[in-house]
Enquirer: 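Before I ask anything, let me first share the structure, which is written out below as structure tokens.
Whatever order the structure lists ligands and atoms in, that order sets their numbers, starting from 1.
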Amino acid sequence: MSSQIIPVEPFDYVVFGGTGDLAERKLLPALYHRQLAGQLTEPTRIIGASRTPMTHDEYRKYTEDALKEHLKSGEFNEAEVQKFCARVYYVAVDAKGDTGWPQLKELLDSGNGKDCVRAFYLAVSPAIFGDIADKIREHKLITKSTRIVVEKPIGRSLASAQVLNDTIGKVFKEEQIFRIDHYLGKETVQNLMALRFANALYEPLWNSAHIDHVQITVAESVGLEGRVTYYDKAGALRDMVQNHILQLLCLVAMEAPSSMEAEAVRDEKLKVLRSLKPITDGEVEKHTVRGQYRAGASAGGPVTGYTDELGSPSDTETFVAIKAEINNWRWAGVPFYLRTGKRLATRMSEIVISFKPIPHSIFGDSAGRIEANQLVIRLQPDEGVKQWLMIKDPGPGGMRLRHVSLDMSFAQAFDVRNPDAYERLLMDVIRSNQTLFMRRDEVEAAWKWIDPILRGWEETGQRAQGYTSGTWGPSQAIALIERDGRTWHEMD
Ligand code: BG6
């Protein structure tokens, strides 16, 4: 079975931070894959921009090396790479000064550039978002089909997010601003919407009458990966929960939007964020756990602890677990247990919907324990869906029951390559489809819920609990859910 490729109109993608990690690891490979898929039309160009002086040819070489390093084996096709490099250009620009801007304008206006969709991707520190936006305006680079793409972190609190949104909002209209949360581009995350709203089966059960609780786990086995300065100032709550995990929670909890139109979907997500029960000072210690990895083992080898990797003492959390609640008719009384961390036992993200137990068993004790049904949506790796059910153990010898899963692995069901989240998102920018991007009010509503937790941690002095690398986090995270008579779903 193959997916349908709809070519997009020609575009100029200007990547600020063109020599940075994100461009190299994600953006250039994603655009190359879209070319391979036949989605790019001529005269599409990719223009790297950063401070480093470089010629077009030097950047083409840089691009080729990046593709060599980051494509999977068999994906590097010499002829396609040459064709891709031929659409790559480079301009050295100074975000704060005027160097390079006239050259960028000249390049953009050359050829058919003026008529192309123009996308400015800010793969740079948010500290210079405002400077770049101002320069784009000052040098008259905005055409009627211009968009701007920004990456997180969008602020580190509600107040700073508002400042950043205002800064960009002075130059661009909301419909031109694409705030990326790459989790929304993941196939299985989009599948959550398909599962809920393209099937009649689950929706009638999708509420507090039938669901006991929900678990969302995003576990990583990697550590800091060299992102020392950023990560130590952010921590897991800002880095993962404020954006990725809350977006997942929204997709699980939202009402059916009237359509897949961007505003319809984003309105529903916003309502969920606004219904999150605030975790206020007195409750922070009870409902949240902070952790930090110590030395241990990961991916089969010994690894050092967070502070050794950092090279200085720190209380930044690399793990967080939260018991969240949603104050609305559908979800009142259903806890959402959230957890994420680095250097955990394995890389694994999943959403577990635990249904309520049956009201009464007609089977005797000899049938064994009757487990509640669970729907497990595996986001990565091995994307798929498992529905856990009770069945009769096969064979004679009485009625014994067994918990088994109906298993759908996407890799087995579909013989297609799973595209990286950025591929979909980069093309959505060109198509001007904002459904999978965060609107300003969503980002700010998420911060409004996160801020009191951060404040509570500060005020109560809640410390990050140590956990051994390669485990599932601090014991306090296990206690957080076990206090309620529940357990974390065991990853298999
Ligand atoms: C990023 C975080 O947004 O997501 C990283 O900043 C994290 O800390 C990454 O490692 C996880 O993304 P993925 O796609 O590998 O699950």
Enquirer: Considering heavy atoms of the protein only, find what lies nearest to atom 8 (O) of ligand 1 and give residue, atom and distance to 0.1 Å.
Expert: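 Scanning the protein heavy atoms, the shortest distance from atom 8 (O) of ligand 1 goes to D239 OD2, 2.6 Å.
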Enquirer: Where do P7 and I5 come nearest, in terms of heavy atoms and distance?
Expert: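 In this case the closest contact between P7 and I5 is CD-O, 3.5 Å.
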Enquirer: Between the side chains of T288 and W457, does any donor sit under 3.5 Å from an acceptor?
Expert: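 Distance-only check passes for T288 and W457.
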Enquirer: Below 4.0 Å from any atom of ligand 1, is there a heavy atom belonging to E225?
Expert: no
Enquirer: Find all atoms of ligand 1 within a distance of less than 4.0 Å from any non-hydrogen atom belonging to Q380, and give their numbers and elements.
Expert: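 The atoms of ligand 1 under 4.0 Å from a heavy atom of Q380 are 13 (P), 16 (O).
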Enquirer: Any idea which heavy atoms bring V334 and D212 closest together, and the distance?
Expert: CG1-O, 3.7 Å
Enquirer: Can you sort out which atoms of ligand 1 are near K342, meaning under 4.0 Å from one of its heavy atoms?
Expert: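 Answer for ligand 1: 5 (C), 7 (C), 8 (O), 10 (O).
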Enquirer: Sort and list the pairs that fulfil side-chain hydrogen bond (donor to acceptor under 3.5 Å, both in side chains) and have at least one residue in residues 469-479, not counting sequence neighbours.
Expert: Q465-Q476
Enquirer: Closest approach of Q374 and S354, non-hydrogen atoms and distance?
Expert: NE2-OG, 3.1 Å
Enquirer: Got more than 12 heavy atoms from elsewhere within 6.0 Å of NZ, K72?
Expert: no
Enquirer: For ligand 1, which part of R347 has a heavy atom less than 4.0 Å away: the side chain, the backbone, both, or neither?
Expert: side chain
Enquirer: Under 3.5 Å, N or O to N or O, is Y231 touching ligand 1 that way?
Expert: no
Enquirer: Could you tell me the residue and atom name of the protein heavy atom closest to atom 9 (C) of ligand 1, and the distance to it rounded to 0.1 Å?
Expert: E220 OE1, 4.0 Å
Enquirer: Given H182, R227, K152, which one has a non-hydrogen atom that is nearest to atom 12 (O) of ligand 1?
Expert: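 Considering heavy atoms of H182, R227, K152, the nearest to atom 12 (O) of ligand 1 sits in H182.
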Enquirer: Q292 and T318: side-chain donor and acceptor closer than 3.5 Å?
Expert: no
Enquirer: What residue and atom, counting heavy atoms only, is the protein's closest point to atom 16 (O) of ligand 1, and at what distance?
Expert: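 Ranking protein heavy atoms by distance from atom 16 (O) of ligand 1, first comes Y183 OH, 2.5 Å.
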Enquirer: For atom 14 (O) of ligand 1, what is the nearest protein heavy atom, given as residue, atom name and distance?
Expert: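 It is K186 NZ, 2.6 Å.
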